[in-house]
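Working notes, structure below.
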Number of protein chains: 2
Amino acid sequence: MPISLRQIRYFVATAELGQISQAAVELSISQSAVTTAIRELERTVNLQLFERSSSGMGLTPAGREFLFHAYEILQKVHEATHLTIPSGNVEGRLVVAATYTVIGYFLPDHLQRLQRAFPGLDIQLHEVNREAIEEGLLDERYDIAVLLTSNVRDPQIASETMMSSTRRLWVPSRHPFLKKARVGLADVAREPYIMLTVDEAANTSLSYWSTSHYSPNVKLRTSSVEAVRSMVASGQGVAILSDMVYRPWSLEGQRLETIVLQEPVPAMNVGLAWARHARFNKAMEAFRAYFRQAFHIPQMRTDTSPSAPPHLAKTDGAG
Amino acid sequence: MPISLRQIRYFVATAELGQISQAAVELSISQSAVTTAIRELERTVNLQLFERSSSGMGLTPAGREFLFHAYEILQKVHEATHLTIPSGNVEGRLVVAATYTVIGYFLPDHLQRLQRAFPGLDIQLHEVNREAIEEGLLDERYDIAVLLTSNVRDPQIASETMMSSTRRLWVPSRHPFLKKARVGLADVAREPYIMLTVDEAANTSLSYWSTSHYSPNVKLRTSSVEAVRSMVASGQGVAILSDMVYRPWSLEGQRLETIVLQEPVPAMNVGLAWARHARFNKAMEAFRAYFRQAFHIPQMRTDTSPSAPPHLAKTDGAG
DNA sequence: GCTGTAATATCAAAAAATCAGAAGGCCTCG
DNA sequence: CGAGGCCTTCTGATTTTTTGATATTACAGC
C-alpha cells in the first residue's frame with residue numbers, strides 16, 4: 001500500500017513531540033488514529049521508525065533518517081501548494097548578465113522556473129563581472145542584470161534588491177558562546193573557522209574581518225554549505241553564514257544555533273540592475289515581475305507596458 | 001483541505017498521458033475518480049492546472065510548474081520509502097580526508113546521512129589535495145579518504161570506486177548533431193560550449209581536449225549544473241556532462257538530448273582510499289559500509305571486525 | 001446541419017479508509 | 001501494589017473515495 005501525506009504528517013508530529021498522545025492533541029484527532037497511521041507507515045516502509053517505551057516514542061536511527069526525508073517531502077508539498085504563477089505569455093529574447101557567484105548559487109532555480117513560466121522567453125545569459133555589467137547595461141548589450149546590488153557604483157544604473165540576508169554566527173549547540181552576553185569577532189577569531197567560499201563570501205568576509213583587528217582562524221575552506229553545516233554541527237568549528245542558507249528545521253543530532261554578532265556584519269543583497277535610460281519591454285517586465293513575486297515584493301501595475309517603472313520615470317522622463 | 005499524494009499521483013498520470021481517461025486506465029481506476037481528484041486538487045491549490053478540451057487535458061503554465069514540483073515530491077517520497085539504513089551503533093572518531101571538489105559536490109549529502117545513521121560517529125573532515133591525502137593515509141594522519149579514484153598513484157594506497165559516471169555530450173533537442181551518424185570533439189569545437197567548473201571538470205576537460213587537436217569554444221563557465229542545463233536546453237550551447245547530474249524526468253520546454261562522443265571521454269570515478277597496511281576499525285567499516293550500500297555495491301560480511309577487507313588480506317597479511 | 005465519437009463533468013450509491021471511544025496491557029514511580 | 005501515563009487493539013460510526021451510469025461538450029465526417 002502506498003504511503004500518504006497524512007501518515008507523514010502524523011509521523012512528524014509524533015517524532016517532534018515524542019508522544020503519540022501529545023501528537024494527537026496537536027493534530028486535534030484521537031490518539032488511536034495516530035497509532036494506526038504510524039503502525040501502517042512502519043509496515044509499508046518496512047522499517048521500525050520508533051522505539052516504544054512507557055515514556056513515549058523515541059526515534060530509531062531509521063526513524064531519524066525517515067524524519068529528515070519527511071521534512072523534505074512536506075517542504076516540497078508546501079512549495080507546490082503555494083505557487084504564485086506569473087501570468088502572461090511573453091515572447092522574445094532577453095539578454096541577462098550576471099556575476100559568477102549569482103549564476104552559481106542564486107540563479108539556477110530561478111532560471112528553471114522562468115523557463116517554465118515563460119516558455120516563449122529566450123533568456124540569453126552572460127557571465128561577466130560587475131564592471132562589465134555596468135558598462136554593458138549602458139551600452140545596451142545587456143537588457144538587465146542580476147548581481148550583488150550593494151556593489152553597484154554607476155549612478156546611471158538603477159537597481160532593485162530582491163533578497164537581503166543577514167549574516168550570523170553559527171555554532172554547535174552547547175557551545176560556550178551561547179552563554180556569553182555578547183560575542184564579537186575577537187571571540188570568533190579564537191575559534192576554528194569554517195569558511196564558505198561561495199557568493200563572494202570569502203571576499204566579503206575579508207572586508208569585514210579587516211575592519212576589525214582580527215582574522216579568522218580558518219580550519220577549512222569549502223564551497224559546500226552542507227559541509228559547513230555538518231562540520232559546525234559536529235563541533236569542528238564555527239562559521240558566519242547568511243540566512244539564505246537557512247533551513248526551516250533542525251534535526252536531532254544536527255544541533256546548530258545562531259548568534260548575532262556584536263559587530264555589524266554586512267548583509268548579502270542580491271537583486272536586479274538596469275540602465276536608468278532603458279525602456280522596459282515585455283520580456284524585461286516579465287523577468288522583473290517574476291522576481292518581485294518570487295521574493296514577495298509588492299507587485300506594481302503592469303497595465304501600460306512597455307513602460308519604465310514609476311520610480312525611474314522621475315529621473316528619466318524619456319520612458 | 002490539505003492535498004494528498006493520491007491527488008498528486010493522479011495529477012502526474014494525467015499530465016503525462018494528456019487524458020484523464022487514459023490516466024484512469026493506467027491507474028486502474030475509474031475515470032470519474034481521477035476527474036474528482038484533479039478538480040479537488042485544483043480547488044485546494046487554487047490554480048487551474050489543466051486546459052480542458054475535447055481532445056484531453058493540456059497543462060497550463062501553472063500546471064507545468066506544479067508538475068515539476070509534483071515530480072520532486074514523488075521523488076522524495078520514493079527516496080523516503082526506500083531507505084536502506086546501515087545498522088549498528090558505531091562510536092568513535094574518524095579522520096576523513098577529501099579533495100576540494102569531492103567535499104563540494106559529492107560528500108555533503110552523504111555526510112549528513114552518515115551523521116544521522118551513526119550519531120555516535122565523530123567525523124573529522126579535512127580538505128587536502130590528492131598528494132597530501134596519499135601521504136596522510138600512509139602516515140596514519142587520516143583514516144580514510146574520499147577522492148577521484150582514477151587519480152590515485154601510490155601503490156601502497158588501496159582504493160575502491162563507489163561511483164563511476166560517464167560523460168556525454170548534451171545538446172538541445174532538434175540540434176543538427178542528433179542527425180549525424182557520429183559526433184566528435186572536432187564537431188563540438190565548432191559549437192558554443194558551456195563549461196561546468198566543478199569536480200575538476202574543467203581540468204579533466206582540458207586533458208581530453210588536449211589529446212585531441214581541438215579546443216572548446218567556451219561561451220560561459222559556470223559552477224551551476226542547473227545553469228548549464230538551462231542554457232543547453234535553450235540552445236545557447238552544448239556541454240559535456242557526467243551522468244551524475246542526470247535527472248530522471250525531462251519536462252516539456254526543457255528539451256535535452258545526450259550523444260555519446262566518438263572519442264572516448266574519461267568517466268568520473270569517485271571512491272574511497274586507504275593505506276593498504278591500515279587495520280579497519282569499526283568506524284572505518286561503518287564509513288565504508290555506508291558507501292557500499294549507498295551505491296549498491298554488494299555488502300561483505302562484517303562479522304570479524306576490526307579486520308582488513310578480504311582483498312587486502314592477499315597483499316598484506318598483517319590485518 | 002446532422003450524427004457518431006471521444007473526451008470531461010456530474011451524481012447517487014457502494015466501497016474503502018479513517019476516526020473516535022472504550023478496553024486492555026505494559027511500564028514507572030511513589 | 002496501586003495510580004497514572006502511555007501505546008495498542010477492537011468496534012462501530014463517519015468521512016472520503018470510487019464506481020457506474022448519465023449528462024455535456026467539442027469536433028470531424030457525411
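Letters A, B, ... are given to chains in the order of the sequence lines, protein chains preceding strands, and every chain is numbered from 1. Any value given below was found using the heavy atoms of this structure, including those in side chains, with hydrogens, waters and symmetry copies removed.
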Find the distance B:Glu51:CD to D:dA26:P and express it as a whole number of Å.
13 Å

What about B:Ser32: does its side chain form a donor-acceptor pair under 3.5 Å with the base of D:dG20?
yes

With a non-hydrogen cut-off below 4.0 angstrom, is B:Tyr10 in contact with a base, only sugar-phosphate, or nothing?
sugar-phosphate

Under a 4.5 Å cut-off applied to non-hydrogen side-chain atoms, are A:Phe291 and A:Leu114 in contact?
yes

Students often get this wrong, so: under 4.0 angstrom with heavy atoms, is B:Ser30 touching a base, only sugar-phosphate, or nothing?
base

For D:dT25 and B:Arg52 - does any side-chain N or O of the residue sit under 4.0 Å from the phosphate oxygens OP1/OP2?
no

Is the backbone of A:Ala24 close enough, under 3.5 Å, to the side chain of A:Ser28 for a donor and an acceptor to pair up by distance?
no

Is there a side-chain contact between B:His69 and A:Leu83 in this structure, where contact means two heavy atoms from C-beta onward sitting under 4.5 Å apart?
yes

Covered region of DNA chain C, 5' end to 3' end, by chain A [heavy atoms, under 4.0 Å]:
C:dT18 to C:dT28

Under 4.0 Å, counting only non-hydrogen atoms across every strand here, what does A:Gln31 touch: a base, just sugar-phosphate, or nothing?
base

Mind listing the closest non-hydrogen atom pair of B:Leu121 and B:Ala283 along with its distance?
CD1-CB, 3.5 Å

Measure across A:Pro61 and B:Ala117 and return the closest heavy-atom pair with its distance rounded to 0.1 Å.
CB-O, 4.4 Å

Spacing of B:Gln19 atom CD relative to D:dA26 atom C1', expressed in whole Å
14 Å

Hey, is the side chain of B:Ser55 poking within less than 4.0 Å of OP1 or OP2 on D:dC27, counting only N and O atoms?
no

May I ask you to check whether B:Phe118 and B:Tyr290 place their ring centres under 6.0 Å from each other?
no

Measure the distance from CD1 on A:Ile38 to C1' on D:dC7 and round it to the nearest whole Å.
10 Å

Provide, to the nearest angstrom, the distance between the CD1 atom belonging to A:Ile29 and the C1' atom belonging to D:dA13.
16 Å

Taken to the nearest whole Å, CZ/B:Arg9 to P/D:dT18 is 11 Å

Does a side-chain N or O of A:Arg39 approach OP1 or OP2 of D:dT9 to a distance below 4.0 Å, or not?
yes

Atom pair distance, as rounded to whole Å: CE in B:Met57 and P in D:dT25:
17 Å

Value in whole Å for how far the P atom of D:dT16 lies from CG of B:Leu41:
16 Å

So which heavy atom on B:Arg9 is nearest to which on A:Ile3, and how close?
NH2-O, 2.9 Å

Can you work out whether A:Thr36 or A:Ser54 has the more 5'-proximal nearest nucleotide on DNA chain C?
A:Thr36

Separation of A:Leu17 atom CG from D:dC7 atom C1', in whole Å?
15 Å

